[in-house]
Structures are given as structure tokens and as C-alpha cells.
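Before any comments, here is the structure.
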Amino acid sequence: MFSFLLLIIYLSFISLGLPDALLGSAWPIMHEELKVPLSYSGSVYMLISCCTILSSLKSESLNRRFGTGKITAFSVMLTALAIFGFSMSRSFYMLLLFAIPYGLGAGSVDAALNHYVALHYSSRHMNWLHCMWGIGASIGPYIMGFVLQRGYSWSKGYFLIGLLQAGLTFLLFLSLGLWKVKEEDMNDLVKVEMHEGEEGKKAMSFREILRIPGAKECIASFFFYCAIEQTIGLWSGSFMVYSLRIDAKLAASLVALFYFGITFGRFLAGIFSAKWKDEELILGGIAILFLGIALLFPAGLSSGKQLFGMELRQVFVILSLLFMGLGCAPIYPAIIHSTPYNFGAENTSALIGKQMASAYIGSLSLPPIFGVLAKNFGTELFPFYAVVLGIAMLYMYKQLLKKTKEAKRKRKKPIVSDEA
């Protein structure tokens, strides 16, 4: 039973990644068939992200009321219906309509699964599960490309992904009994760690969450991490083309190295987590991330030079993208997995919901700001911008560690009676 549930959770993480890159891979063809400008994909992405943020913020109250199993099953069903809706859309406004359930389902399942795994499974599984997300994010565009290369419409690609999601929905509803057993165990864990009188309390308000020592810093560190990951994924190609004068087609393929680094890095992090704590994985990942960013600076100074028959700037870029991906790899899953340790099991659901929301807000806000800076000052600012985001993330994470450790010391401090 336990192994089957874990298999279901792994498949669920793959399903989270399956549709994530579909819009970007199919949009060059979709926008022509729908007769809308290329830039309109931003509107669909924004609407999906806003709905994802909304459902992430409500995830704690939904989890408390329905439980992780039901939330996961209904959320995946919602995304499956939305993807089928995309496949039937013949106008841009239909895409916007189905983007709403798409985002609402994605946010709920993301927060629910991360909360559940953080409480029930080791750091190894958290890293490997997020590795599964990377595999899903790679399979989605592959299926779309396979369909398009054989002369079928993009809607066929969405339909096939919808079938996979529908199959997972069926398995999730079959497994509801397994989730219930595990959630009863979780409730026992939460009761043990709760202070007296807190059982059955309502979902925490955002103001109450921010009063938890280290909570603001946790949310902020997650915000900056997701901002830097999205910035690298979105703008590294433009940096290569416009600042390093690398061929656009080559640059597009090189960006994939960053995501390969994340996927492979999470596999490695799962192995290393047997000996390394979450804190060590995060700080080690940040150090490797900074190394990757640092390699971008000599890339701009090595134009025309050769190394082993390859342009030296390309060597620097390849190494940079791989190291940035490997550095990013453990940060996201390790921050989530360490939430029960840093804040207690009773606060985990509330914190993870806000972390998911801050992730999407960071991805939506700071990468476009670089676009404005690049337009006015050039893409040469890309490494400097990445350094600033990395420093902000590191500072917030160090403050998180400082405040949570101080709070733990105060809780363990013996109470001395005035009568003594």
C-alpha cells in the first residue's frame, strides 16, 4: 500500500510538469491559427499564474477541510478538463476561459503535494519528486513536437496530454483510501507538536503567518529563488544572442542545459541528502549557482578564442548553464522539505501555501523587470541582475536560519520559577 501511494505521488509530480512547457512549445503555431499576435501568450500565462497564486493562498483551508488525497484528485481532474478545453479551443478567448481552471487546479495540487511530502517523506524523495517534475516538463514539449512533426494540429498534442492527466485522475480516485490512512498519521504528528489548546484550530490568516519567527524571510527567500530561476530560463538565451553573439538556434538549444542541470541535480541531491541536511544542500546549491553566474563574465571577454575546436565563449556558457542548473536544483525542494523542521508540522500547510504563491509572484514580477532594464541598458546586465537576485535570496535564507534557530532556543529554554 505504501509503495503504491508513493508511486502515485511520483506520477502526480510528473503530471505537474507535463503541461507546463506546452504553451511555449506550441504557441508559434497556435497564435497563427488563432489569428492573434505572438505576444498574446503572455496574457494566457498571466491568467494561469494569477489563478495559481489564488488557489495556493487558499490551499491551507482546502487541505484542512478535504484532505490531500481529495484535493490532489480533484485538482488533477480540473487540469485535465482544462487541457481538454485547450485542445478544443478555436479562439483566443476560449483559451482564456480554460486558463482559469488550469491555474486553479495547478496551484492546489502543487501546494497540497509539497505539504504532504514535506511531512511524510525524506529529503531524498522530495528531491527526486521534483526531479520527476523536470521529466514531465521535458516530456510535454516532446509529445507536442512529435505530434506537430507528423502533420497533426497542436490541439492533438493537448488532447494526448489531457488523456494522460485523465488516466492519472482515475488512479488518484482509486487511491483515496491510501491517502486517508497516511493523513490520520499526519494528524497524530500535528497534535504532538501543537501547543495545548490548538487542536482543530482554523486556517491561519496571512497576518498570523507573518508573525511566526522566520516566516517572512522564508517566503522572501522562496520569492527570490523562483525569480532567479525564471529569469535565467527566460533571458539567458537573449543574453547569448545579443551580448555574446551566439547563433539564435544554438542559443535556444543551449538553454535546455539549464533545465537538464536542474533535473539531474535533483537526482544527485536525492542521493546526497542521505548525508547532508537540507540547510547544507541549500547553501551548497547557492554556492554552485554563484559559480555558474560567475562563468558568464569571462564568456563576454573571450570572443574569437578557441578551445578544443570550440569557441571559448560557448564553453563558458555551457559550463555556466549546467552549474546554474545544478545549483538551483536542491534549493526549491530543500526549502519546502525543511518547513516542518523550521516551523513545526502544525504550521507547515500554511507556510507551504504561501511559499507556492510567492513562487509564482516572483516568477511573474522580477523577470519582466529585467526585460525593461535590457531594453534600456542592454542584455549585458543579465549576469549582474542574476547576482543581485542571488544575494537577496542568500541574505533572506540566512535570516531565516537565524530567526528560526533563535525561536527554537527560546522554546527549549527552561522556565525558572519566581519562587525559587
Side-chain angles (χ1 to χ4, degrees), residues 2-22 24-25 68 72 75-76 79 106 109-143 161 164-165 168 171-172 222 225-226 228-230 232-233 255-289 292 321-340 352 355-356 359-360 363:
F2 175 83
S3 298
F4 181 69
L5 178 59
L6 187 58
L7 173 63
I8 292 294
I9 295 173
Y10 269 87
L11 291 174
S12 298
F13 268 82
I14 292 176
S15 82
L16 276 173
L18 275 174
D20 279 3
L22 279 183
S25 61
T68 309
T72 303
S75 296
V76 174
T79 56
V109 71
D110 200 2
L113 284 175
N114 278 292
H115 165 236
Y116 190 85
V117 174
L119 284 178
H120 289 291
Y121 296 102
S122 65
S123 179
R124 176 183 62 183
H125 284 300
M126 180 65 85
N127 279 283
W128 285 351
L129 286 164
H130 282 274
C131 176
M132 294 300 104
W133 173 89
I135 292 174
S138 303
I139 292 174
Y142 176 80
I143 292 175
I161 297 296
L164 292 176
Q165 297 285 69
L168 177 60
L171 287 177
L172 285 168
F222 214 69
Y225 165 73
C226 292
I228 194 171
E229 180 188 305
Q230 185 69 17
I232 294 170
V255 173
L257 293 174
F258 173 64
Y259 293 102
F260 171 78
I262 291 178
T263 304
F264 184 62
R266 285 175 178 166
F267 173 76
L268 293 178
I271 297 174
F272 293 140
S273 65
K275 293 186 177 181
W276 294 359
K277 298 178 181 178
D278 287 327
E279 175 184 337
E280 294 170 328
L281 289 171
I282 293 167
L283 292 175
I286 293 174
I288 296 172
L289 172 61
L321 290 167
L322 284 173
F323 277 119
M324 287 192 293
L326 289 170
C328 284
I331 299 174
Y332 187 111
I335 290 178
I336 295 173
H337 187 263
S338 61
T339 303
I352 287 181
Q355 286 172 355
M356 296 296 103
Y360 287 99
S363 299

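The structure displayed is predicted, hence computed values, not measured ones.
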Within-4.5 Å side-chain heavy-atom neighbours: Tyr10 and Leu129: yes

To the nearest 0.5 Å, atom CD1 of Ile331 lies from atom NE2 of His130 at 13.0 Å

Distance (rounded to the nearest 0.5 Å) between Leu11 CG and Leu6 CG: 10.0 Å

Is there side-chain contact between Thr79 and Pro19, with at least one heavy-atom pair below 4.5 Å? no

Can you list everything that forms a ring-ring contact (aromatic ring centres under 6.0 Å, His included) with Tyr360? Sequence neighbours excluded, please. none

Step through the shown structure and confirm whether more than 12 heavy atoms of other residues, nucleotides or ligands are within 6.0 Å of CZ on Phe323. no

Give the C-alpha distance, both sets of side-chain angles, the deciding distance and a yes or no for side chain to side chain contact (heavy atoms under 4.5 Å, CB included) between Asn114 and Phe13. CA-CA 10 Å; Asn114 278 292; Phe13 268 82; 4.2 Å; yes

Of all heavy-atom pairs linking Thr72 and Ala112, the shortest is OG1-CB, 4.3 Å

Note: Ala118 and Met126 closest approach over all heavy atoms is N-CE, 3.6 Å

Parallel, tilted or perpendicular, judged at 30° and 60°: which one describes the rings of Tyr332 and Tyr225? perpendicular

Which heavy atom in Leu289 sits nearest to a heavy atom in Cys328, and how many Å separate them? CD1-SG, 3.9 Å

Considering residues at least two apart in sequence or located in another chain, which fulfil the ring-ring contact (aromatic ring centres under 6.0 Å, His included) criterion with His337? none

Checking His125 against Ile9 for the side chain to side chain contact (heavy atoms under 4.5 Å, CB included) test, could you report, in this order, the C-alpha distance in whole Å, the side-chain angles of both residues, the deciding distance, and whether it holds? CA-CA 10 Å; His125 284 300; Ile9 295 173; over 6 Å; no

Separation between SG of Cys226 and CE of Met356, rounded to the nearest 0.5 Å: 7.0 Å

When rounded to the nearest 0.5 angstrom, what distance separates CG in Asp110 from CG in Leu16? 5.5 Å

Between Leu119 and Thr68, is any pair of side-chain heavy atoms under 4.5 Å apart? no

At what distance, to the nearest 0.5 angstrom, does CG of Leu22 lie from CD1 of Ile143? 8.0 Å

Locate the shortest heavy-atom distance separating Asp278 from Ser123; write the atom from each residue and the value. OD1-OG, 2.8 Å

Step by step, work out the side chain to side chain contact (heavy atoms under 4.5 Å, CB included) result for Ile8 and Leu172. CA-CA 7 Å; Ile8 292 294; Leu172 285 168; 3.3 Å; yes

Once you measure the plane-to-plane angle for His120 and Tyr116, does it fall in the parallel (<30°), tilted (30-60°) or perpendicular (>60°) bin? tilted

Between the main-chain N or O of Asn127 and the side-chain N or O of Arg266, is there a donor-acceptor pair closer than 3.5 Å? no

Of all heavy-atom pairs between Gly233 and Phe258, which one has the smallest distance, and what is that distance? N-CE2, 4.1 Å

Expected output: side-chain Thr339 to main-chain Ile336 donor-acceptor under 3.5 Å: yes

Just verifying a value: how many Å separate Leu326 CG and Leu257 CG, rounded to the nearest 0.5 Å? 10.5 Å

Please answer whether the main-chain N or O of Phe267 pairs with a side-chain N or O of Trp128 as donor and acceptor at a distance below 3.5 Å. yes

Can you check whether Leu168 reaches Leu164 side chain to side chain, under 4.5 Å on heavy atoms? no

Quick one: list whatever passes ring-ring contact (aromatic ring centres under 6.0 Å, His included) with Phe272, sequence neighbours left out. Trp276

Given Val109 and Ser12, is the side chain to side chain contact (heavy atoms under 4.5 Å, CB included) satisfied, shown in steps? CA-CA 9 Å; Val109 71; Ser12 298; 5.6 Å; no

Indicate the atoms forming the closest heavy-atom contact of Gln230 with Ser363, along with that distance. CG-O, 3.7 Å

